[in-house]
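The structure under discussion appears below in the form of structure tokens.
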Protein chains: 2
Amino acid sequence: MAEKKIPKATARRLPLYYRYLRFLYEAGKERVSSAKLSEAVKVDSATIRRDFSYFGALGKRGYGYDVESLMNFFSKKLNQDRLTNVALVGVGNLGQALLNYNFRRNNNIRISAGFDVHEDLIGTIHQGVPIYHVDELIEQLDMQQIDVAILTVPSDIAQEMTDKLVEGGAKGIMNFTPIRVTVPKGVRVHNVDLTNELQTLIYFINYYQDFADDSEEEADNPLDDLFYND
Amino acid sequence: MAEKKIPKATARRLPLYYRYLRFLYEAGKERVSSAKLSEAVKVDSATIRRDFSYFGALGKRGYGYDVESLMNFFSKKLNQDRLTNVALVGVGNLGQALLNYNFRRNNNIRISAGFDVHEDLIGTIHQGVPIYHVDELIEQLDMQQIDVAILTVPSDIAQEMTDKLVEGGAKGIMNFTPIRVTVPKGVRVHNVDLTNELQTLIYFINYYQDFADDSEEEADNPLDDLFYND
DNA sequence: CATAATCAGTGGTAACGTTCACAAATGAAC
DNA sequence: GTTCATTTGTGAACGTTACCACTGATTATG
């Protein structure tokens with residue numbers, strides 16, 4: 001909780017920088033300039049330097065940045081030095097794909113518990129992850145000290161499951177449902193709305209296609225749609 | 001291609017508005033105010049009015065907005081009045097989940113062709129969608145008049161497949177790989193980076209947890225990370 | 001050691017996005 | 001028809017983000 005105000009736009013780019021630094025490190029590179037980084041992550045080099053500067057002077061003029069130390073620095077910032085357990089609420093199509101999706105590959109994040117209501121699933125183990133009934137959600141979150149959850153349930157129970165997550169002490173929810181759920185202050189929701197993304201993409205290619213000078217980020221991620229509190 | 005400059009932030013919210021308008025219409029509601037919309041989509045009411053105003057005067061003072069006509073208006077804007085075919089490149093875990101994911105439910109978007117290199121998959125039909133070898137990609141895009149693609153391939157072939165897509169005439173790519181691919185002017189890439197999202201979420205809950213007054217949009221869709229050209 | 005090339009850090013500014021606050025328009029009530 | 005309650009549309013203020021352009025530190029070269 002050290003540095004006060006890292007801009008949100010900067011925070012969203014940190015994982016991108018971190019990933020590429022890992023790549024450079026594994027490729028044996030010792031140094032990198034903001035210009036080289038810029039090419040790979042497609043972020044303006046001035047923006048990269050500004051982003052890094054919020055954390056202090058991490059580079060050396062005339063030299064660039066030391067890959068290993070910068071990588072380690074961001075590793076700590078992104079909590080990659082310890083394992084983060086995540087709950088998966090809703091083990092349907094998308095949920096199961098996320099179980100298979102290897103968050104751990106180069107990342108200290110793993111889904112450690114799944115929750116569903118479907119009787120066939122409960123008690124089974126998928127990709128090494130035990131599936132519990134949602135009735136056990138609050139209890140398990142507490143027991144396993146989980147404070148981050150992925151929500152992949154049908155829309156009509158999205159708010160209900162969110163309330164349970166909040167009650168279980170979740171602090172962060174990655175919401176794959178199209179519902180904008182309501183949460184109390186202190187809980188952060190990150191919306192990943194796939195249909196929304198696709199529709200936006202289609203809108204852009206239909207209405208922005210001939211505006212040439214137009215290269216930028218998120219998003220956002222767009223996709224990027226996140227908010228805090230209610 | 002009518003109205004010139006709809007802000008990107010506005011464009012990203014259109015699908016959200018559209019979806020809720022559909023919901024209201026199906027619930028038999030005839031009118032809605034920006035304040036009511038605001039509650040549901042969690043966007044400030046002034047922002048909603050501003051967003052709508054870019055398209056002209058869509059509402060009536062003292063009344064609000066007519067649900068049906070607004071819904072139809074956005075339906076056209078979002079190309080929902082005609083079917084959009086999308087290609088899926090990479091029919092692995094995530095790809096198959098997206099095949100199952102019902103984009104068509106309330107949306108005139110469907111995945112109409114899948115592409116992979118895995119021999120077991122080629123020639124099969126998943127969820128009604130035929131899977132072709134990637135060697136047929138360029139040919140099929142052309143034949144099926146597809147200009148939007150979802151990219152869910154391993155990182156190491158992301159750029160190669162992107163190049164094929166561009167060659168096949170794709171104008172929009174929803175990129176699920178962590179690679180920031182390079183594309184020529186006129187092609188829009190929308191990055192959906194799940195690991196990135198999760199890491200950002202974890203970063204936020206660790207560093208922003210006690211900054212209370214902090215509720216906003218996108219996304220930082222974030223997730224929302226999109227760009228144009230190279 | 002001197003000169004050239006490189007490159008981080010940052011002040012300034014422009015572009016973009018959000019929100020306040022209010023006038024003008026409309027509908028509802030009686 | 002007058003009054004009251006709503007609610008849009010928008011000028012203006014504010015906040016955030018991105019980028020240019022330059023200074024000065026450092027390395028590389030001969």
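In what follows, chains are A, B, ... by sequence order, proteins preceding strands, each numbered from 1.
- A ring-centre distance under 6.0 Å is not found for Phe73(B) and Tyr18(B).
- Summary of the strand contacts: Arg49(A) and Gly62(A) both lie near DNA chain C, and taking for each the nucleotide with the nearest heavy atom, the more 5' one is attributed to Gly62(A).
- Positionally, the nearest nucleotide of DNA chain D for Arg31(B) lies more toward the 5' end than for the other of Arg50(A) and Arg31(B).
- For the pair Lys60(A) and dC7(C), the criterion of a side-chain N or O lying under 4.0 Å from OP1 or OP2 is not met.
- Here the P atom of nucleotide dG9(D) and the CG atom of Leu58(B) are 6 Å apart, to the nearest Å.
- Tyr65(B) comes within 4.0 angstrom of sugar-phosphate atoms only, judged by non-hydrogen atoms across all strands, and of no base.
- In this entry the distance linking OH of Tyr63(A) with P of dG9(C) reads 13 Å, nearest Å.
- Rounded to an integer number of Å, the gap from Lys8(B) NZ to dC16(C) P is 7 Å.
- Listed by chain and residue number, nothing satisfies the ring-ring contact (aromatic ring centres under 6.0 Å, His included) test with Phe176(A) (two or more places apart in sequence, or in another chain).
- Rounded to whole Å, atom C1' of dT17(D) lies 14 Å from atom NZ of Lys5(A).
- The phosphate of dA18(D) (OP1 or OP2) has no side-chain N or O of Thr47(A) nearer than 4.0 angstrom.
- Straight-line distance from the CG atom of Asp66(B) to the P atom of dT7(D): 15 Å, rounded to whole Å.
- No hydrogens or angles were tested; on distance alone, nothing pairs the side chain of Arg61(B) with the base of dT7(D) as donor and acceptor under 3.5 Å.
- Residues passing the salt bridge (Lys or Arg N to Asp or Glu O under 4.0 Å) test with Glu26(A), sequence neighbours excluded: Arg22(A).
- Here dT16(D) presents its C1' atom at 11 Å from CZ of Arg13(A), a figure rounded to the nearest Å.
- Nucleic acid contact class of Ser34(B) (heavy atoms, under 4.0 Å, all strands): sugar-phosphate only.
- Aromatic ring centres of Tyr101(A) and Phe103(A) lie closer together than 6.0 Å.
- A 4.5 Å side-chain heavy-atom check between Phe115(A) and Leu88(A) finds every atom pair outside the cut-off.
- For the pair Asp44(A) CG and dA14(C) P, the interatomic distance rounds to 17 Å; values are reported in whole Å.
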